[in-house]
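One structure is given below, encoded as structure tokens.
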Amino acid sequence: MVATERRRARVRKQRNDWIKHRLPAVSTRPDHVVFIDETSVKTNLSRQRGWSQRGERLVMDAPFGSWGTQTFIAGLGAGALIAPWVIKGATDGEAFAAYRDAIRPRHPWPVGIRLRRACRVFR
């Protein structure tokens, strides 16, 4: 499966730019590249029903009293996962800016690193 956005002229140009200009630079200095991404888990999606053997009680674990979303943001470098951060709730531009400001003093980025994000929320 391929994203339909790849057919758009602007996206095609950006992709070609990445392959032509940035990929060679990344290839020569992989230790200076950090990809930042986030993932989340929604605790209110825990199963509340299930099946068990006849005559046996079903036992499952689920968080109690803290239904909601938790988001994990981190940077993936060539050698390690750096600057992990967990927030309560979904990520938006404000949360990402707070992440950036909170981790910069503790995890200085190598020279040439720019914090960028593809999703519009983070622009």
As an exercise, state the distance from [atom1] of [X] to [atom2] of [Y], rounded to the nearest 0.5 Å.
{"X": "K42", "Y": "T69", "atom1": "NZ", "atom2": "OG1", "result": "3.5 Å"}
{"X": "M60", "Y": "S52", "atom1": "CE", "atom2": "OG", "result": "10.5 Å"}
{"X": "R6", "Y": "Q14", "atom1": "CZ", "atom2": "CD", "result": "13.0 Å"}
{"X": "K20", "Y": "R15", "atom1": "NZ", "atom2": "CZ", "result": "15.5 Å"}
{"X": "F96", "Y": "I87", "atom1": "CZ", "atom2": "CD1", "result": "11.0 Å"}

- Please go through F72's hydrophobic cluster and name the other residues, only I, L, V, M, F, W, Y counting, with side-chain heavy atoms under 4.5 Å joining them. L76, L81, V86

What are the two closest heavy atoms between [X] and [Y], and how far apart are they?
{"X": "E5", "Y": "V11", "answer": "O-CB, 3.2 Å"}
{"X": "G89", "Y": "T71", "answer": "O-OG1, 2.6 Å"}
{"X": "P30", "Y": "A78", "answer": "O-CB, 3.5 Å"}
{"X": "I73", "Y": "E38", "answer": "CG1-CB, 3.6 Å"}
{"X": "A74", "Y": "P84", "answer": "CB-CA, 4.0 Å"}

- Item | Residues that L23 engages under side-chain contact (heavy atoms from CB on, under 4.5 Å), provided they are two or more places apart | W18, S27

- Output, in order, the C-alpha distance, side-chain angles, deciding distance and verdict of side-chain contact (heavy atoms from CB on, under 4.5 Å) for Y99 and I36. CA-CA 11 Å; Y99 166 74; I36 298 174; 4.0 Å; yes

- Any donor-acceptor pair under 3.5 Å linking the side chain of T91 with the backbone of A95? no

- Query: Is the backbone of K13 close enough, under 3.5 Å, to the side chain of D17 for a donor and an acceptor to pair up by distance?
  - Reply: no

